[in-house]
Amino acid sequence: MEVLGIAVDDGSLGAMSRELHLRIQALEAEMYELSGHTFNVGSPQQLQRLLYDDLGLAAGRRIKTGRSTDADTLEALREEHPIVDLILEWRQLTKLKGTYVDALPLLRERDGRVHTTFNQTVATTGRLSSADPNLQNVPLRSEWGQRVRSAFVPDRGQVLVSADYSQIELRVVAHVSGEPELIDAFRSGQDIHRRTAAAVGGVAPEEVTAEMRRSAKVVNFGVMYGLSDFGLARDTGMSREEAGAFIAAYFQSFGAIAAYLEGIRNFAREWGYVETVFGRRRYIPDIRAANRQLRQAAERMAVNMPMQGTAADIMKLGMIRTDQALRESGMAARLLLQVHDELVLEAPREEVEPLAALLREAMGGAAELVVPLDVDVKVGDNWRDMTPLSPSAG
DNA sequence: TCTGTCACG
DNA sequence: ACGTACGTGACAGAC
């Protein structure tokens with residue numbers, strides 16, 4: 001389904017392209033100086049030879065074609081040689097330049113907008129996907145990424161409004177597992193990661209340190225993917241032993257979640273599929289594979305699908321309700337994009353307050369879980385600078 | 001066309 | 001002993 005599209009400011013992208021070009025050239029010059037010869041940084045093959053043969057750095061993860069040079073691997077080598085940081089920055093900048101800064105202006109149509117295509121039959125979990133161009137992976141996290149995002153703008157006289165489901169997958173976990181701690185935390189509007197850290201660490205919420213909260217956050221998300229002690233250790237800096245103990249304490253505190261995950265794996269083994277709260281199925285053929293690696297990967301898919309898929313179902317219902325409510329309201333606001341747990345709209349400035357209320361009602365009422373669905377609404381003049389609208393102030 | 005890498009939720 | 005977080009799409013290099 002091709003959609004209305006969103007305006008992009010090709011002037012600012014053009015300026016960004018020239019800035020990036022200069023920085024990338026400077027990085028290349030520095031790298032050639034450090035290595036003593038020219039090479040193609042964009043070639044994983046040449047990069048492997050440079051890092052692991054010429055410079056003698058210790059290779060990490062093995063891949064089909066040799067030794068990995070991905071960001072995680074390079075991150076671990078940063079202290080070993082000054083060229084590593086340059087490679088990481090070069091990678092980031094060329095990625096942004098090639099995929100967004102230079103590509104988007106070419107896809108801009110005569111209305112000044114880029115129009116993506118949403119696929120409804122690609123993702124096995126029930127999510128939408130977005131292609132040509134993919135507008136569900138517009139940069140956000142890095143400085144340069146934020147500049148790219150700021151080039152997405154509303155049409156003249158209007159504003160962008162975004163509405164996202166707060167912690168929707170964790171709320172789905174609370175619903176399907178019936179975990180009392182999690183349900184209570186969402187019902188009383190507490191900081192969910194702090195509450196988790198307090199429960200796991202056996203302290204009061206006020207005593208939770210920033211580090212404890214960070215670890216709890218990683219585990220809260222990781223639970224939905226089948227995180228291992230290895231993965232937690234890598235993402236938090238804990239030792240593998242500490243990570244294992246942390247995960248054990250987590251499942252001790254949230255026994256209903258542990259039981260739910262076990263139940264899903266058993267269901268998948270027995271029936272060969274799993275399903276969302278609304279009955280969307282995903283078949284998991286490898287769930288009984290003899291090969292352990294295949295089987296464990298299948299188990300992670302089985303555990304993840306009901307959570308990711310139920311959230312996707314709720315969003316689809318929320319989109320239908322939003323569309324209906326917009327028609328009935330007679331507002332000029334238009335839906336532009338869906339980014340998994342977020343809707344982006346364009347609206348005349350004077351519609352912002354009533355639109356926010358409409359979105360909270362339409363999206364928030366899309367499903368009745370055992371915990372409330374909270375919707376955060378923001379407004380702005382570009383997709384980076386978005387200001388929260390408080391529910392009561394509306 | 002496949003592989004590695006990396007942008008997002 | 002082994003691998004190690006789910007779901008996507010785009011780009012550049014290698015073949």
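Scope of the values below: all heavy atoms of this structure, side chains included, with no hydrogens, waters or symmetry mates. First the proteins, then the strands, lettered A, B, ... as listed; each starts at 1.
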| Do A/Asp313 and A/Thr310 meet the criterion of a side-chain donor-acceptor pair at a distance under 3.5 Å? | no
| query | Are a donor atom and an acceptor atom from the side chains of A/Gln92 and A/Trp144 found within less than 3.5 Å of each other? | reply | no
Does a side-chain N or O of [X] approach OP1 or OP2 of [N] to a distance below 4.0 Å, or not?
X: A/Arg282; N: C/dG7; value: yes
X: A/Arg234; N: C/dA5; value: yes
X: A/Arg141; N: B/dA7; value: no
X: A/Arg300; N: C/dA5; value: no
X: A/Thr65; N: B/dG4; value: yes

| query | When A/Val161 is tested against each of A/Val344, A/Val352, A/Leu343 for side-chain contact (heavy atoms from CB on, under 4.5 Å), which residue passes? | reply | A/Val352
| request: Identify the heavy atoms of A/Ala268 and A/Val274 that sit nearest to each other, and give their distance. | output: CB-CG1, 3.7 Å
At 4.0 Å (heavy atoms only), tell me whether [X] reaches a base, stays on the sugar-phosphate, or touches nothing.
X: A/Gln92; value: sugar-phosphate
X: A/Gln293; value: sugar-phosphate
X: A/Ala71; value: sugar-phosphate
X: A/Thr94; value: nothing
X: A/Met224; value: nothing

Between [N] ([atom2]) and [X] ([atom1]): distance, integer Å:
X: A/Asp229; N: C/dG3; atom1: CG; atom2: P; answer: 15 Å
X: A/Lys316; N: B/dG9; atom1: NZ; atom2: P; answer: 19 Å
X: A/Glu89; N: B/dT5; atom1: CD; atom2: P; answer: 19 Å
X: A/Asn291; N: C/dT4; atom1: CG; atom2: C1'; answer: 14 Å

Hey, does the side-chain of [X] have a donor or acceptor N/O within less than 3.5 Å of a partner on the base of [N]?
X: A/Arg292; N: C/dC2; result: yes
X: A/Asn304; N: C/dA5; result: no
X: A/Gln136; N: B/dC8; result: no

| said: Could you check whether any side-chain N or O of A/Arg171 sits under 3.5 Å from a backbone N or O of A/Ser166, counting only pairs where one atom can act as donor and the other as acceptor? | reply: yes
| Any donor and acceptor pair, going by atom type alone, linking the side chain of A/Gln46 with main-chain N or O of A/Asn40 inside 3.5 Å? | yes
| query | Pairs counted as Watson-Crick or G-U wobble with both distances under 3.5 Å: what dot-bracket string results for DNA chain C, using | for bases tied to another strand? | reply | .....|||||||||.
| message | Classify the ring geometry of A/His193 against A/Phe221: parallel below 30°, tilted from 30° to 60°, perpendicular beyond 60°. | response | tilted
| So A/Phe152 and A/Trp383, would you call those rings parallel, tilted or perpendicular, with 30° and 60° as cut-offs? | perpendicular
| Hey, quick one: are A/Leu170 and A/Ile247 part of the same hydrophobic cluster, counting side-chain heavy atoms closer than 4.5 Å, chains of contacts allowed? | yes
| field | Pairing residues for A/Arg234 by the salt bridge (Lys or Arg N to Asp or Glu O under 4.0 Å) criterion, not counting sequence neighbours | value | none
| Euclidean distance for C1', B/dC2 against C/dA5 (whole angstrom) | 24 Å
| Gap in Å between the two P atoms, one belonging to B/dG4 and one to C/dT4, rounded | 13 Å
| request: Check the geometry between A/Phe230 and C/dT4 and answer yes if their rings are stacked (centres below 5.5 Å, planes below 30°), otherwise no. | output: yes
| note | With sugar-phosphate taken as primed atoms, P, OP1 and OP2 and all else as base, the protein-contact string of nucleotides 8-15 of chain C at under 4.0 Å (heavy atoms; B, S, -) is SSBS-SSS
